[in-house]
Amino acid sequence: MNAPNISKRMLGLKSETAFAVGVEAMAVEKQTGKKVIKFQIGQPDFRTPDNICYKAIQAIIDGKHGYTPSPGIPELREAVAKYYTRTRGVNVDWSDVAIANGGKEFIGYTIAAVTDPGQGHEVIYPNPGYPIYEAEAIWRGAKPVPLSIREKNNFNFDIDELGRTINDKTRLLILNSPQNPTGGVLSREELEAIAKIVLKYPNLWVLSDEIYSQLVYDKKFESIASVPGMQERTVIMDGVSKTYAMTGWRIGFAANKALVKHFGTQITVNTGCAGHIDQWAAVEALNGSQEVPERMAKVFRERRDIIVALLNDIPGVTCKTPGGAFYAYPNITEACKLVGARNSDDFRKRLLYEALVCVTADIHFGPQVVGDGEHIRFSYASSIEDIREGMKRMKEWIISHDAI
Ligand code: PLP
């Protein structure tokens with residue numbers, strides 16, 4: 001090949017390695033001619049509710065297909081402001097809201113808006129965590145600082161450790177509750193304790209990734225923005241992907257009074273605006289009937305209870321009950337010993353090739369936390385039949401080794 005060099009920056013860009021797992025599962029299906037039970041995908045298996053689809057069709061017919069203002073159509077910004085106000089108990093003005101092609105875009109936009117490259121500005125994010133936090137921090141020239149989330153802390157970080165990690169160079173703390181990959185949910189008390197530390201640092205922002213906010217099962221969802229003094233420095237990020245089964249529509253939103261204008265500029269530079277038709281669909285999602293999304297959330301909760309019970313019935317596996325999202329994150333340290341797997345990724349590969357069950361491993365979400373054992377992640381955004389069949393395959397596979 002004669003192509004000129006690719007930049008070091010490009011070659012160093014990290015990504016979501018979990019995507020490769022799906023490709024592997026497809027290859028195994030092709031090779032064996034058998035169905036793999038898939039638990040690797042972080043997206044609802046439901047169809048987008050009909051009322052939302054009809055609204056999108058109507059938008060096309062009405063000719064709503066030109067560019068929109070960069071921060072979004074006022075109708076959607078208003079709908080988001082009302083949604084934030086009713087679900088977080090904070091007053092959000094529509095002009096503080098920006099709309100982008102998925103909540104994901106706001107991770108990079110926020111980092112770019114609050115850090116400068118070459119200054120040693122630090123971004124703290126949860127580990128294990130959504131891999132885009134680290135990827136974006138490096139891409140934007142900030143220093144990524146992972147903060148360990150531990151099973152013994154109910155999949156939250158240690159508040160004292162947070163206190164020791166934040167310093168004068170820290171510009172951004174990324175929170176994610178409910179959390180991917182563990183399903184951990186931050187309690188009001190934990191949020192207050194975090195806020196107490198954050199408020200000591202005048203140059204510290206918080207990006208609160210609340211993309212799973214409507215999938216909290218045992219208590220009320222709480223946002224750090226509602227802790228006194230925090231709203232001004234918090235970017236409240238959410239979207240329609242997970243709550244309304246709209247991952248492919250690509251609509252996410254963020255609210256912060258001081259940053260909205262800078263989000264708008266970045267949207268102008270990057271994409272111009274989010275999809276016009278999709279924005280109208282999102283207006284219907286937020287303002288229309290909530291019956292279907294509420295039903296979907298109930299189904300996720302039922303599946304959670306089933307998968308957690310079945311996982312805890314498998315030799316060598318223990319699984320804490322996740323408080324939110326649609327992920328179960330069992331500890332498989334003992335199961336690794338039973339099947340002779342070197343680590344979680346070896347276990348994951350063998351589970352795929354030998355038992356035809358596809359999951360992601362802890363290492364897909366950052367470096368393993370020392371002393372926390374081996375974990376794999378199940379996305380239970382799949383049918384109850386598939387959950388039962390997958391758990392049966394995994395149990396039989398482990399037991400077949402146990403007997404040796
Ligand atoms: N944040 C977290 C923690 C996620 O798990 C995901 C998607 O998997 C996103 C953000 C991205 O959401 P969106 O589809 O709105 O870009």
Side-chain angles (χ1 to χ4, degrees), residues 15-19 21-22 39-46 48 52 72 76 80 83-84 97-111 123 125-137 146-147 149 155-157 172-186 206-216 221 223-224 235-255 263 266-267 270-271 274-275 278-279 281-282 285-286 293 300 322-329 360 362 364-366 377-381:
S15 183
E16 281 185 71
T17 49
F19 274 109
V21 172
F39 294 107
Q40 82 280 7
I41 309 172
Q43 71 173 341
D45 55 323
F46 300 109
T48 301
I52 300 173
L76 181 53
V80 172
Y83 161 70
Y84 277 166
V97 174
I99 312 295
N101 296 284
K104 196 176 211 175
E105 267 190 46
F106 288 107
I107 299 168
Y109 292 165
T110 304
I111 295 171
V123 174
Y125 58 93
N127 176 51
Y130 188 46
I132 305 305
Y133 306 140
E134 185 196 13
E136 280 285 11
L147 187 66
I149 286 205
F155 294 125
N156 291 324
F157 41 71
L172 182 64
L173 168 65
I174 301 180
L175 299 178
N176 176 214
S177 172
Q179 213 248 349
N180 177 8
T182 64
V185 176
L186 290 167
V206 173
L207 169 60
S208 188
D209 180 345
E210 302 176 359
I211 200 81
Y212 298 99
S213 66
Q214 303 311 298
L215 299 173
V216 175
F221 170 71
S223 169
I224 193 156
V235 174
I236 312 172
M237 191 254 264
D238 200 342
V240 293
S241 286
K242 317 285 177 177
T243 309
Y244 299 97
M246 290 177 73
T247 46
W249 296 76
R250 308 310 300 130
I251 293 292
F253 16 90
F263 290 152
Q266 293 190 72
I267 293 167
N270 280 283
T271 61
D278 314 63
Q279 291 191 54
L286 295 177
F300 280 133
F326 37 63
Y327 305 114
Y329 199 66
T360 42
D362 45 17
H364 292 115
F365 304 95
R377 187 195 80 170
F378 288 81
S379 160
Y380 50 86

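One-based numbering, in listed order, for ligands and for the atoms of each.
- Classification of the F46-F300 ring pair by plane angle, with boundaries at 30° and 60°, yields perpendicular.
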Does ligand 1 have any N/O atom under 3.5 Å from a protein N/O, and what are those pairs and their distances?
from: ligand 1; atom 1: 1 (N); to: D209; atom 2: OD1; distance (Å): 3.4
from: ligand 1; atom 1: 1 (N); to: D209; atom 2: OD2; distance (Å): 2.6
from: ligand 1; atom 1: 5 (O); to: N180; atom 2: ND2; distance (Å): 2.9
from: ligand 1; atom 1: 5 (O); to: Y212; atom 2: OH; distance (Å): 2.7
from: ligand 1; atom 1: 8 (O); to: K242; atom 2: NZ; distance (Å): 2.7
from: ligand 1; atom 1: 14 (O); to: S241; atom 2: OG; distance (Å): 2.7
from: ligand 1; atom 1: 14 (O); to: R250; atom 2: NH1; distance (Å): 2.8
from: ligand 1; atom 1: 15 (O); to: G103; atom 2: N; distance (Å): 2.7
from: ligand 1; atom 1: 15 (O); to: S241; atom 2: OG; distance (Å): 3.4
from: ligand 1; atom 1: 16 (O); to: G103; atom 2: N; distance (Å): 3.2
from: ligand 1; atom 1: 16 (O); to: K104; atom 2: N; distance (Å): 3.1
from: ligand 1; atom 1: 16 (O); to: R250; atom 2: NH2; distance (Å): 2.8

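- Under 3.5 Å, the side chains of Q43 and T247 contain a donor-acceptor pair of N or O atoms.
- The aromatic ring centroids of F365 and Y130 lie 6.0 Å or more from each other.
- Classification of the Y133-Y125 ring pair by plane angle, with boundaries at 30° and 60°, yields tilted.
- Partners of S213 by side-chain contact (heavy atoms from CB on, under 4.5 Å), not counting sequence neighbours, listed by chain and number: Y83, R88, E210, F221, D238.
- Taking the six-membered ring for Trp and the full ring otherwise, Y329 and F378 have centroids separated by 6.0 Å or more.
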